[in-house]
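Quick notes on the structure that follows.
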Amino acid sequence: MELRFYNTLTNTTEVFHPVHADCVRMYSCGPTVYDFAHIGNFRSFLFADVIRRTLEFFGHRVHHVMNITDVGHMTDDASADGGGEDKMQAAARRMKEDKKSGKVPEGAVQNPDDPYQIARYYTDAFLEDARTLGVKVASEYPENILHATQNIDAMLEMISQLIANGHAYVGPDGVVYYSVESFPAYGRLSGNTLDRLMTGAGGRISDENQANKRHPADFMLWKADSSHIMKWDSPWGAGYPGWHIECSCMARKRLGKDVIDIHTGGEDLIFPHHECEIAQTCGATGQETFARFWMHARFLLVEGEKMSKSKGNFYTVRDVLQGRVKDDKGQPTGVSVHPAVLRLELIKSHYRGNMNFTHKGLIDSAGAVKRLHDFRARLEAATGGQAEAVDLNYPILKDFAAALADDLNIAGALGVILPWAASTPTDPAAALGALNRMNEVLAIAPLQSAGAGQAGANDEQAEVQDLCRQLDDARKRKDFAAADSLRGQIQKRGYDVKTSPAGTIAEKRLA
RNA sequence: GGGGCGGUAGCCAAGUGGCUAAGGCAACGGAUUGCAAAUCCGUCACGCGAGGGUUCGACUCCCUCUCGCCCCUCCA
């Protein structure tokens, strides 16, 4: 089956073929570790994970690499002129407050003034969240998730190469800049060619720094700055690298080729970040192409609005899992969310459309996850867990595959799997085999990783079971007022109550 | 001003020139139940942002308009 992906570089949907036969090489822009990653970040990471799993589903070997941006960049004009406060310093300030207020556990970060400790803290949190949500590459840390701060040598090497090739220069301010005019293809990815760029339209460029550059769009590769919170020796003075150079270097270094297959990120990264990556990599390698396919996920809205801390609709992964999502009355639900539910919620709509994250959507996703879990349980009961291997010609699997092959049509794939999961397949062993294969991509039934936030579950279960026994007693006595009250108590704790002649069972709601 | 992406029922979301416009949730009717939940059966867009055009025929192609989102040196 032919795989087709939409390519930002050409603005068309193209048939995918790997550049090199041995495996597919893909690189995903990962998180900055100055704070917890939020669900919008994770939409993008999960999007990359679905690409990777889809490729594997179709039999490709995939080498997936992601970066961790742990260099402190400036809050203003990070790549252009390095003005403003450093993000690591801002994080340190916040961290001290959080330590005081107890938000950061005692001992988690010994010294907030050490940027490496802050980076470590948020890196660990990111990896934990990513594993919880089934992001495959997170289980390949550290070999396939690279820290910018551990790859400074590669950056210095590439910068030297760029200077030697005439693509970079040292400005009067001592800063090494990339010369966009030396790279005719600049603007091809984003459409922001030099003649069309409206300099300063974003309102974030200061004039004094622009004066040092040959062209207003030239961007920083290295800045000597002895006062910077993180700095390294270089031929251009002790300082720190520009924002874009880390991805160019780490992709090339870890994937081992000058031309890779797929590069992913959020839509905001198209310009300038990815445009600059292309200029750097191609400038250094002399190749015409850096990544064959550039794929971008659109933004996530929360309840129809941009996510922002001031609007109170800003959620991290742990906020959602621990029941801090607000319901339609604006109150946190207090009901913990199963990781598979959040994973499904963040992958279920097409990546090229905006996604609206809502409490209602989360409940919907919980229903779908539950149906798939129940379906699996039925198939396992019928087969003793013995699945029969099936190939892509198996009817349901074929339709599922066709949807995925068509530019990752997850919603279409769910349209195939959900009605099937309500049916009773004539051959449960083959059906279980098919479900297993589909779950290689979806990873929701089950989600392989152990769920986070399940601590204390045993105590609660025992209490709930006790309430169920009391409820059964009350029903036997025909004391229905007491029975209804007990049922209400169990439901309040986030359980569904199932009554049957065999006795009452409470099932934890997934969201 | 420039470069892109999207607008399908109450909500989420497929389809993309031609059978009656997938699927899920919600809702409603029924079976079941002490009443519920769960489950099962059934109902649920004469319509695809608006208006034109092409066509025997368009949600699907073309044009205009409109709304939303991203970017034009913080950003997933």
Side-chain angles (χ1 to χ4, degrees), chain A residues 6 8 11 28-32 37-48 73-81 84 87 187 189-193 195-206 209-210 216-220 242-244 264-273 275-276 296-301 304 306-307 345 348-350 352-356 358 360-361 363-368 370-371 374 399 403 406 409-422 475 478-481 483-484 487-488 490-491 495-501 504-507:
Chain A
Y6 183 87
T8 308
N11 294 130
S28 297
C29 283
T32 53
H38 53 68
I39 56 174
N41 300 127
F42 268 95
R43 185 205 186 177
S44 170
F45 305 146
L46 249 11
F47 152 66
H73 290 289
M74 296 302 164
T75 49
D76 302 322
D77 305 333
S79 57
D81 55 38
K87 285 180 182 167
L189 178 71
S190 61
N192 288 332
T193 49
D195 55 312
R196 287 201 285 232
L197 271 172
M198 200 182 193
T199 304
R204 298 181 203 124
I205 295 185
S206 57
N209 290 293
Q210 288 301 90
D218 287 354
F219 55 92
M220 182 184 121
W243 170 41
H244 313 300
T264 74
E267 62 174 319
D268 57 327
L269 257 32
I270 296 170
F271 190 90
H273 187 53
E275 196 73 74
C276 293
H296 298 94
R298 304 255 88 94
F299 263 40
L300 175 106
L301 303 174
K306 273 171 89 164
M307 187 162 51
E345 179 64 14
K348 76 180 179 188
S349 68
H350 193 93
R352 276 195 298 126
N354 284 119
M355 165 180 285
N356 191 14
T358 60
K360 198 172 179 221
I363 301 295
D364 277 11
S365 293
K370 183 175 184 313
R371 178 181 290 196
D374 289 350
D399 295 342
D406 179 17
N409 186 352
I410 290 281
L414 291 170
V416 171
I417 194 173
L418 286 170
W420 176 61
R475 293 187 73 233
K478 298 209 188 285
D479 183 352
F480 296 125
D484 289 349
R487 182 164 60 206
I490 301 169
Q491 285 170 336
Y495 285 76
D496 285 328
V497 179
K498 297 188 174 182
T499 308
S500 77
T504 296
I505 295 169
E507 265 183 16

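Note on naming: letters A, B, ... go to the chains in the order of the sequence lines (proteins, then strands), and numbering restarts at 1 for each one.
Nucleotide rC35(B) forms no Watson-Crick or G-U wobble pair with any nucleotide shown, as no partner meets the under 3.5 Å limit on both distances.
Applying the 3.5 Å distance criterion, the base of rA36(B) shares a donor-acceptor pair with the side chain of R487(A).
Between rC75(B) and K87(A), no contact under 4.0 Å exists linking OP1 or OP2 to a side-chain N or O. Considering only side-chain N and O atoms, Y495(A) lies nowhere under 4.0 angstrom from the phosphate OP1 or OP2 of rA37(B). OP1 or OP2 of rG6(B) lies within a sub-4.0 Å distance of a side-chain N or O belonging to R352(A).
Proximity note for L301(A) (side chain, C-beta onward) versus rG34(B), rG4(B), rC69(B): the nearest is rC69(B). For T32(A), counting side-chain heavy atoms from C-beta on, the closest listed nucleotide (rA76(B), rC69(B), rA37(B)) is rA76(B).
A donor-acceptor distance shorter than 3.5 angstrom exists from the side chain of E275(A) to the backbone of G187(A), with no hydrogens or angles considered.
The nearest heavy atom of RNA chain B to M307(A) and to L189(A) marks one nucleotide each, and the one closer to the 5' end goes with L189(A). Along RNA chain B, the nucleotide closest to K370(A) and the one closest to R298(A) are compared, and the more 5′ of them pairs with R298(A).
By the rule that a glycosidic angle within 90° of 0 means syn, rG47(B) counts as syn.
With sequence neighbours left out, H350(A) forms a side-chain contact (heavy atoms from CB on, under 4.5 Å) with R352(A), D407(A). The ring-ring contact (aromatic ring centres under 6.0 Å, His included) search around F47(A) returns Y351(A), not counting sequence neighbours.
For the P atoms, the distance linking rG52(B) with rG47(B) amounts to 15 Å, nearest Å.
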Sugar-phosphate means primed atoms, P, OP1 and OP2; the rest is base. With that split, encode nucleotides 11-27 of chain B 5' to 3' as B, S or - using protein heavy atoms under 4.0 Å. SSSSS------BSBS--
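As judged by a 4.0 angstrom heavy-atom cut-off over every strand, F480(A) is placed among the base-contacting residues.
Side-chain contact, N356(A) with T358(A): no donor N or O sits under 3.5 Å from an acceptor N or O.
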